[in-house]
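Values below: all heavy atoms of this structure, side chains included; hydrogens, waters and symmetry mates excluded. Throughout, protein chains are lettered first and strands after them, A, B, ... in sequence-line order, and every chain is numbered starting at 1.
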Amino acid sequence: MASRAGAISVPWAAALAAALLAAMTLGTAGVVALRAGAALPTAADWAAVRFTLLQAALSAGLSCLLAVPVARALARRRFPLRGALITLMGAPFLLPVIVAILGLLAVFGRSGIVNDALALLGLPRITVYGLHGVVLAHVFLNLPLAVRMLLMGWQAIPAERFRLAQSLGLSPFAMLRHLEWPMLRATVPGAFVTIFTLCLASFAVALTLGGGPAATTVELAIYQALRFDFVPERAATLAVVQFLLCAGALAAGWGLLRDTGFGAGIGRRAELPAPPGWRRGVDVAAIGLAALFLLLPLSAVVLRGVAGLADLPQGTGPAALRSLAVAVGSTVLTTGAALALALAVARRAGGARLFDLAATLPLAASSLVIGTGLFLLLRPWAAPSDMAIPVTVAVNATLALPYAYRLLLPEARALHSDYDRLARALDLTPLARLRLVTLPRLARPLGFGAGITAALSTGDLGVITLFAGETDATLPLFIHGLMGAYRMEAAAGAALLLVLLSFGLFALFDGLGRHAAP
Amino acid sequence: MLHLDHLLLTEPGFRLEADLTIPTGAHVAVIGPSGAGKSTLLNAIAGFVVPAAGRILWNGQDLAGQPAGARPVSILFQDQNLFPHLTVERNLALGLAPDGRMDGAARARIAAALERTGLGGLGQRRPAQLSGGQQGRAALARALLRARPLLLLDEPFAALGPALKAEMLDLVLDVARETGATVLMVTHDPGDALRLGGLTMLVADGTAHSPCETSALLADPPKALRDYLG
């Protein structure tokens with residue numbers, strides 16, 4: 001065999017990253033499994049499993065269903081601010097969940113816009129707590145994701161097909177059947193599985209809008225077992241159940257998982273026929289309602305936040321600094337690990353398949369499962385509140401890694417196939433290659449991935465709830481505390497600060513990457 | 001002297017044998033049908049393809065196990081010969097110092113090499129700001145600086161028009177003369193082989209044949225070459 005030479009050496013940095021990822025995901029799962037036998041699942045636990053599956057299925061189903069008309073309208077209509085609206089669709093993925101909830105409460109909550117309007121009409125008020133509240137929040141957070149994924153599907157239909165269909169004079173229904181339906185059948189399952197998996201592990205939404213016997217997710221039950229009832233054995237049992245749920249969903253949907261659609265194009269020319277008449281009206285309504293659904297809660301956060309910003313409660317500053325530290329720490333770890341793994345996989349180094357698997361494992365992990373494992377493991381050594389920040393950094397770095405890695409991998413592959421031979425022919429030293437070739441060529445996806453990691457970890461409200469006490473809360477947990485004390489004005493101000501912080505960090509890292517790119 | 005000693009290169013659906021020598025300082029055109037293995041042969045000599053059997057020797061020394069960059073070889077690929085995000089000067093500096101250092105002496109040598117290849121004053125340009133011919137010249141300038149005893153050209157000028165290509169071949173001959181390099185150049189065009197002057201190696205039917213005098217070979221081509229030339 002005339003094999004390609006020189007790619008046999010083991011990449012130690014990637015091996016270290018993969019080992020750490022395996023320890024954080026499989027290792028913590030092993031720890032909880034060892035402790036799980038002591039408490040068998042109770043009837044309440046099975047109710048939590050059923051609720052978790054139900055809300056995830058409803059959230060994913062509704063998100064996909066509503067995304068179809070919106071993505072279709074966006075794909076075939078051109079209007080001012082269309083690009084801005086598509087960019088806005090990327091925002092909820094990075095928006096701190098606690099902020100999204102505050103926004104939704106301002107619109108759909110007890111004294112929100114919708115209830116005020118209902119009262120004016122003499123209709124009964126609606127409540128946003130329980131199953132429908134959880135699903136509402138998940139649809140708010142994931143509808144844009146589904147829209148972007150489907151929009152990519154529409155844009156991937158070759159323009160020639162539409163031109164051919166038009167030249168044959170196909171009716172809009174025939175076009176739907178022959179061109180768009182096959183695309184949807186290929187794309188929607190992937191979007192469904194992606195959102196379903198995300199919602200399975202959703203914690204902050206259930207923490208704020210769920211609760212009680214009727215609306216507790218497994219993640220929330222873990223938190224309650226560990227934090228309120230203090231029954232670690234029960235938390236361990238629930239953590240095993242949650243791990244199996246997530247791993248099962250990931251395994252079942254493995255072939256269907258799709259990119260999150262971040263690259264969805266804005267610039268493509270209009271190739272799709274844009275039928276006039278009532279179809280135009282439907283498209284306008286779909287885009288208008290989706291924009292309203294996204295913009296109303298976001299505007300409410302900003303409007304209420306500005307009022308509260310001048311009078312932030314004591315403790316906001318230190319909490320913000322802790323969130324900043326968490327963000328910077330996990331961004332450095334994730335970006336370094338993602339780069340090492342992507343480079344090793346791109347050059348098909350020894351163990352490349354294992355590295356790729358290790359970079360995918362966190363998709364099956366959940367914040368609270370890892371947290372429970374670390375809690376049980378570290379409890380004999382240190383007080384939980386002493387470990388709050390390091391553990392939060394490690395968990396966020398782990399959970400954000402698949403995104404940073406998937407963004408880097410295609411670019412790393414292109415870099416390898418284009419310039420590996422030249423770099424080897426010139427015998428570049430490893431440092432010179434990193435500094436002069438790898439980092440400049442990959443600056444853009446590195447910066448983008450770092451921005452996503454920073455934004456996600458700034459806004460994370462997950463594992464920190466297991467560890468932090470009064471004095472070491474991050475900003476999202478601090479806001480949650482303010483909401484619990486019904487200090488909504490102060491919470492709104494701190495929430496606006498959190499949004500500025502997480503989007504600011506995203507813009508900073510993404511901008512650095514763009515600036516450094518050739 | 002380059003000696004391919006019972007060399008065997010295989011890939012799925014592909015097999016090439018070579019058992020021949022090329023004298024030091026020779027200019028050899030490597031000619032033959034697409035897919036015959038011309039590029040694979042050059043890549044094996046450069047260290048990018050591991051032989052299934054046999055040895056590659058330069059002046060009696062076996063090159064097996066030597067990484068690509070450590071071999072006495074400069075190679076120009078069909079494309080991607082320059083890093084597009086680095087200036088021409090920086091690209092050439094990587095030929096002088098693999099750690100990317102660039103001191104005053106290096107700058108002076110780079111400027112001289114650019115001057116020599118007709119690129120005087122263009123050191124601060126990026127490759128995309130150069131024409132195709134100028135990019136070829138920049139890659140040759142780097143080969144001039146590296147001055148390795150074997151210069152391998154894997155059709156780097158295939159995309160250029162006839163006049164530009166002729167200019168490039170003349171520059172290759174200049175570089176080879178100044179560095180004393182032995183040249184192996186893949187081409188589809190018998191005209192290129194004649195212009196290179198010297199020997200031609202036919203690669204066809206799974207064999208790299210011993211190089212022969214180009215003009216004599218083209219005057220009375222053997223069957224395999226006749227089939228190729230048509």
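- Minimum heavy-atom separation, A:Asp427 to B:Pro98: O-CB, 2.9 Å.
- Using a 4.5 Å cut-off between heavy atoms, B:Arg15 makes no contact with chain A at all.
- In this structure, no portion of A:Ala517 lies under 4.5 Å from any heavy atom of chain B.
- Here the straight-line distance linking atom CG of A:Leu422 with atom CG of B:Leu82 works out to 7.5 Å at 0.5 Å rounding.
- A cation-pi contact links A:Arg421 to B:Phe77, judged by a cut-off of 6.0 Å to the six-membered ring centre and 45° from its axis.
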Check residues 430-449 of chain A and write down every donor-acceptor pair under 3.5 Å in which the side-chain atom is one partner and the other belongs to a residue at least two apart or another chain.
unit_1: A:Arg433; atom_1: NH1; unit_2: A:Asp420; atom_2: OD1; d: 3.4
unit_1: A:Arg433; atom_1: NH2; unit_2: A:Asp420; atom_2: OD1; d: 2.8
unit_1: A:Thr438; atom_1: OG1; unit_2: A:Arg433; atom_2: O; d: 3.3
unit_1: A:Arg441; atom_1: NH1; unit_2: B:His85; atom_2: ND1; d: 3.4

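- Heavy-atom contacts from other residues, nucleotides or ligands closer than 6.0 Å to CG of B:Asp79 number more than 12.
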Let me see the working for A:Asp418 and B:Phe83 under side-chain contact (heavy atoms from CB on, under 4.5 Å), right down to the final yes or no. CA-CA 9 Å; A:Asp418 287 350; B:Phe83 291 112; over 6 Å; no

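- Interface with chain A: from residues 109-138 of chain B, residues B:Arg126 qualify, criterion being any non-hydrogen pair under 4.5 Å.
- Heavy-atom distances place the side chain of B:Arg90, and not its backbone, under 4.5 Å from chain A.
- Interface remark: B:Leu86 contributes side-chain atoms only to the contact with chain A (heavy atom separation under 4.5 Å).
- Taking chain A as the reference chain and counting heavy-atom pairs below 4.5 Å, the highest number among B:Arg148, B:Arg71, B:Gln80 is found for B:Gln80.
- Only the side chain of B:Arg142 comes within contact range of chain A, judged by heavy atoms closer than 4.5 Å.
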